[in-house]
**Q** 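Here it is: the structure, laid out below.
Computed from a prediction, not measured in an experiment: that's the story for all the values here. Any value given below was found using the heavy atoms of this structure, including those in side chains, with hydrogens, waters and symmetry copies removed.
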Amino acid sequence: MDKSYNPRDIEQRLYERWENNGWFAPAGTGQPYCIMIPPPNVTGTLHMGHAFQHTLMDALTRLHRMQGDNTLWQQGTDHAGIATQMVVERQLNAANTTRHDLGREAFIARVWEWKAQSGDTISRQERRLGNSVDWSRERFTMDPALSEAVTEVFVRLHEEGLIYRGKRLVNWDPVLHTALSDLEVVPEDAKGHLWYLRYPLEDGSGQLIVATTRPETMLGDTAVAVHPEDERYRQFVGKQIRLPLTGRLIPVVADAAVDPQFGTGCVKITPGHDFNDYEMGKRHQLPLINIFDADAALTDDVPEPYRKLDRFVARKRIVADMEALDLVEKIEPHALKVPRGDRSGAVLEPWLTDQWYVSIAPLAAPAIKAVEDGSIRFVPETWAKNYFSWMHNIQDWCISRQLWWGHQIPAWYDADGNIFVAHDEEAAQAKARAKLGRDVTLTRDEDVLDTWFSSALWPFSTLGWPQQTPELQTFYPTSVLVTGFDIIFFWVARMIMMGLKFTGQVPFREVYITGLIRDENGDKMSKSKGNIIDPLDLIDGIDLEALVVKRTSGLMKPKDAARIEKDTRKQFPEGIAAYGTDALRFTFAALATMGRDIRFDLGRIDGYRNFANKLWNAARFVLMNTETHDVTSGDVQYSVADRWIRSRLGATIEETRRRLEDYRFDLAAQSLYEFAWYEYCDWYLEFSKPVLQSETVADALKRGTRQTLLAVLEAYLRLLHPLMPFLTEEIWQAVAPLTSVEVKRVPPDAEATIMLQPYPHAHEFARDEAAEKAVAPLKALILATRQIRGQLDVPRSRQMPIFVTTPGDQEWDVIVANGDLIRFVANITDITQLTASSHMPATAMQLIDGYAVHAPLSSLIDDPDAELSRLAKRKAKTRAELAKCEAKLGNQNFVANAPAEVVAQERARIADFNKEIVQIEEQESRVSELKK
RNA sequence: GCGCGCGUAGCUCAGCGGUAGAGCACCACGUUGACAUCGUGGUGGUCACAGGUUCGAUCCCUGUCGCGCGCACCA
């Protein structure tokens, strides 16, 4: 092995080997375990959020595969209708052409080209992240088989009356020229105005003043409404108003939906362009006037001067004209929410169109029940609340989109407007013939389905539904869905509804909701903010110039470039270092705390890269001390240290397994980190050195230590593998052959891989209380000696003797038995038990856990004050603690009410502190002697 | 307006009724054969604030403040 850990050298090579051996495909003989990847959009590349979630999914997948489960991680991508169409349209615009120039067929061909390219990029990224997805089963939402599932679902829902075509107001995107579902509307805070307009009564008896944020819609007004109880206006109800600018007569109606407190209490009613007004219009049988076209410009149904004007131009014009007529009472500033499309950012317009809808209530009821009765469990549970509140208020789902890229709706129309929904044109024709008794000319609906319609089927469409395939029977319902809270409504809820509807079973048993990855300031990462980090740049590194170019090119608003460049240069003056996939993955795991967004902190990945390097070097140490020896045959004797580290590994296995089961990847990572660094490397490797380097230690004992070094490392690598797949495989390949563990190979003549070895069980490394207890005095003495050295600047290279007192004789026996070890690790000459009659030279003293360690230092004679000040500090600390304890025990209520255990513990502490103070004071007087 | 989350060391975050933790940063010392991507020691905290419950509260409850998010309203 090389002296330094270099991830670049190992990662790609290993991934190819795993993939080429087909080890990602389900092959376990145990329970089925399946995770459906949330299919990334083929709009571009994977971002940090993907990399994060994929790390967790891969960890779970690898864990279960090692446990022998029949494990499938289903890979695939999503066609992402609007988003992808926009990307390709933008490319066309850049080339000074449009999709309309190309025509539908050529345009779609063009999108397929883009899909191939983007899909390749995504695959490459997945591979670099080490994701053990089953590539042989990769799916795309517009694959023929998946499209067939979409058609099947559409036809069946239509047959049951759960899909219907309706004419009503929808959220219309006047830039993209498509309808959107409610979920795709993002209300944005805006500063606008409230215009108070005078509407004269037809009989000349006065006027009503209406307040509106959208004066241009007055051209479509068909009533003015007041609250029925509103005394101010009761007399006007039923009268007619002469609508200014148009001269139309509209009634004054009374409706309880009017808020008398708002504005003047009079509302202009525009049923054609406002959801509330639409409802009110229905209640009062008001006519509906459509004043906007698909671009949200005014139609020919308005007075001539305003025709063809854009809505915002028309607004100015109308306000000016009203002012000229002295019909504007006043204008107030007003904060409002403007509805914008989540993709285009355009201000949406409520618009009357024909669209397809899913009748949602019958689907929602069982989906609510599934979460209520625990068939599906949210982790963390708090997200179930959000799910319920949305599901209880859910509205019918508008599924048709006026786009080209997507699943075309399987509906055909004849010349009379009859609708025939069927799997294909032939079947539609058959239906027409059955109904009309003759052949007719059919035209297919041009619209496509909301992209989430096919995503909703993903858990079963990828497994072959509507066919009852073996895969479907084996892997459905899937085990867990790992995704972000931002798509609970878009995706999770809809999968549950569709899954229950078409398979009769839940699509997954658990939903693990991750936090969102944010930048170091807590901002969402986005291209326009210029704060995106490509996960591959963390793996491979990137220099500053390349990073700046990457962040500033292809911006929607090119003028952001200067700011982005400045911020980037400030934050990454050196660019980004190459950390490797394992370090990135471990960082994601360590940051994956429950129910909290994640600020991505480069400091963390730095630390975990170092961790990888630490393991690498620990492995080198183990190998260079074991490779040239026959470790597996001959007598074996285990030292206290050997038994201790085995016991600690057992505890770590237990902890890690438990944490992974709870989806506490952060705590699993922490337990793995702490064991490797603070126990195995910091202590056990040091303990092993005196044994291995001694010329007098028995071979059996050396063999015991070598076996332990190897066995603990080998099992630990398996324990860590789900989080750091590459490093663990690379080291394991070198380590496993030296151990006596039975290596699993499938088939028997196959190459060995850590991927398919069993995940460690705690019982393989049983707890050894006696060993754990025995190591405590060794650590205490070594730590105390180091503290003396550290605080008095005594270099480690300077040997010295120590005098010690122990809490009891047992501990002293342990110290005697392991004297060589302590002497070696702490670089000590002699260890002498301190008795009342001991004669000591000038010493520095350190107390720790009931042990006192004295180190004779000639330098103390020159500077006793250094020691005295250390002692004074320690005494103050001890006294403070003592005072707290005494206060507690002085409280009768505490003694009476606290558990006996706690009271006893406090009493013991008081005794310990008192003993410490005596020891400190004795030492103080000894040192003071030196000053004389 | 309803709901949710968060506020712990300079920074990023664990913890959670009984002696406040980690990484990074910082200070001092140190290259002996695993590792300077390192080792050893150290500095650093009224656990946002105020009440309450409790023998005991960073932890449980109530309220306040601050930050973020979702839903609803929004003429």
Side-chain angles (χ1 to χ4, degrees), chain A residues 1 3-5 187 194-196 210-214 217 224-225 257-259 262-270 274 276-277 334-337 380 382-383 385-386 389-390 393 485-486 488-489 515-516 518 520 522 577 579 583 587 590-591 593-625 664 666-667 670 673-674 678 681-682 685-686 689 693 783 785-797 824 827 881 884-885 888-889 891-899 901-903 905-906 909:
Chain A
M1 285 171 71
K3 186 170 178 195
S4 225
Y5 164 62
L194 202 51
W195 285 271
Y196 288 77
V210 298
T212 180
T213 55
R214 299 203 57 194
T217 61
V224 168
V258 177
D259 175 5
F262 189 93
T264 58
C266 297
V267 195
K268 61 190 265 320
I269 302 300
T270 321
D274 182 282
N276 288 323
D277 293 3
H334 183 68
L336 72 160
K337 299 255 198 241
T382 175
W383 290 109
K385 280 188 203 162
N386 274 49
S389 72
W390 187 69
N393 295 305
F485 61 82
D486 49 332
I488 289 179
F489 306 146
L516 241 49
R518 298 173 177 280
E520 70 289 348
Y579 293 104
T587 307
L591 293 174
T593 60
M594 280 279 178
R596 185 201 262 266
D597 283 353
I598 293 152
R599 292 191 188 206
F600 195 82
D601 176 13
L602 276 183
R604 293 293 287 262
I605 192 171
D606 214 57
Y608 294 125
R609 189 263 324 265
N610 296 354
F611 175 60
N613 185 61
K614 186 80 180 174
L615 289 175
W616 182 264
N617 283 293
R620 284 180 58 231
F621 172 82
V622 172
L623 290 171
M624 70 179 60
N625 280 290
R664 288 305 303 262
D666 57 329
L667 299 179
Q670 193 182 334
Y673 182 95
E674 288 177 351
Y678 303 143
C681 290
D682 283 355
L685 295 192
E686 294 309 318
K689 286 174 186 176
Q693 288 172 23
L783 281 174
T785 309
R786 283 175 180 167
Q787 279 166 4
I788 291 172
R789 288 185 192 278
Q791 285 166 21
L792 296 178
D793 282 348
V794 183
R796 206 200 102 88
S797 52
F824 185 96
N827 201 24
E881 290 298 317
K884 272 199 248 173
C885 281
K888 261 192 192 177
L889 283 166
N891 181 348
Q892 286 196 338
N893 287 325
F894 172 73
V895 180
N897 294 314
E901 221 177 78
V902 174
V903 176
Q905 187 191 308
E906 289 300 318
R909 291 185 70 209

**Q** At less than 4.0 Å, is any side-chain N or O atom of A/R786 found next to OP1 or OP2 of B/C29? Yes or no.
**A** no

**Q** Would you list the pairs meeting salt bridge (Lys or Arg N to Asp or Glu O under 4.0 Å) in which at least one residue belongs to residues 605-625 of chain A, sequence neighbours left out?
**A** A/D606-A/R609

**Q** Would you state whether a donor and an acceptor, one from the side chain of A/R909 and one from the base of B/U19, lie under 3.5 Å apart?
**A** yes

**Q** Between B/C35 atom P and A/N617 atom CG, what is the distance in whole Å?
**A** 6 Å

**Q** Any idea which heavy atoms bring A/T270 and A/T217 closest together, and the distance?
**A** CG2-O, 3.4 Å

**Q** Nearest-Å distance, CH2 (A/W616) to P (B/U37)?
**A** 16 Å

**Q** Is there, by distance only and without an angle test, a donor paired with an acceptor across the side chain of A/K614 and the base of B/C35 below 3.5 Å?
**A** yes

**Q** I want to confirm an ordering. Mapping A/F611 and A/S389 to their closest nucleotides on RNA chain B, which one lands closer to the 5' end?
**A** A/F611

**Q** Quick check on B/G15: is either OP1 or OP2 less than 4.0 Å from any side-chain nitrogen or oxygen of A/R664?
**A** yes

**Q** Picking from B/C35, B/U32, B/A14, which would you name as closest to the side chain of A/R796?
**A** B/U32

**Q** Which nucleotide in the set B/U37, B/G42, B/A14 lies at the smallest distance from any side-chain heavy atom of A/N613?
**A** B/U37

**Q** Taking only the side-chain heavy atoms of A/F894 (C-beta and beyond), determine which of B/C55, B/A14, B/G70 contains the nearest atom.
**A** B/C55

**Q** With A/R599, which residues qualify under salt bridge (Lys or Arg N to Asp or Glu O under 4.0 Å), at least two apart?
**A** none

**Q** Which heavy-atom pair separates A/D666 from A/A590 by the least distance, and what is that distance?
**A** CB-O, 3.3 Å

**Q** Between B/G7 and B/A48, how many Å separate the two P atoms, rounded to a whole number?
**A** 8 Å

**Q** If we take the P atom in both B/G23 and B/G17, what is their distance in whole Å?
**A** 24 Å

**Q** Side chain of A/N891, heavy atoms from C-beta onward: which of B/U37, B/C55, B/C4 has the nearest atom to it?
**A** B/C55

**Q** Quick check for you: among B/U19, B/A14, B/C38, whose closest atom lies nearest to any side-chain atom of A/E881?
**A** B/U19

**Q** Of the listed nucleotides (B/G41, B/C74, B/G23), which one gets closest to any side-chain atom of A/N276?
**A** B/C74

**Q** Taking the side chain of A/K337 as its heavy atoms from C-beta onward, which of B/C74, B/C35, B/A14 lies nearest to it?
**A** B/C74

**Q** Counting just side-chain N and O atoms, does A/Q905 come under 4.0 Å of either OP1 or OP2 of B/G18?
**A** no

**Q** Using the side-chain heavy atoms of A/K884, tell me which of these nucleotides is nearest: B/A20, B/C13, B/C35.
**A** B/A20

**Q** Looking only at the aromatic ring of each residue, does the gap between the centers of A/Y608 and A/Y579 stay below 6.0 angstrom?
**A** no

**Q** For nucleotides B/U37 and B/G3, find the distance between their C1' atoms and express it as a whole number of Å.
**A** 46 Å

**Q** Taking atom C1' in both B/A57 and B/U19, compute the distance separating them and give it to the nearest angstrom.
**A** 15 Å

**Q** Can you check whether A/Y673 has a side-chain N or O nearer than 4.0 Å to OP1 or OP2 of B/G21?
**A** no

**Q** Pairing of RNA chain B as dot-bracket, 5' to 3': ( ) intra-strand, [ ] crossing, | other strand, . unpaired, with Watson-Crick or G-U pairs under 3.5 Å?
**A** (((((((..((((....[..)))).(((((.......))))).....(((((..]....))))))))))))....

**Q** Return no unless some side-chain N or O of A/R620 is found under 4.0 Å from OP1 or OP2 of B/G33.
**A** no

**Q** I want to verify a distance call: between B/A34, B/G23, B/C74, whose nearest atom is closest to the A/H334 side chain?
**A** B/C74

**Q** What interatomic distance, in whole Å, is found between C1' of B/C49 and the corresponding atom of B/U12?
**A** 24 Å

**Q** Can a side chain N or O of A/T593 be found less than 4.0 Å away from OP1 or OP2 on B/A14?
**A** yes

**Q** Between A/F262 and A/H334 (judged by ring centroids, cut-off 6.0 Å), do the two rings come close enough to count as a pair?
**A** yes

**Q** To the side chain of A/D601, which of B/G70, B/G23, B/G41 is closest?
**A** B/G23

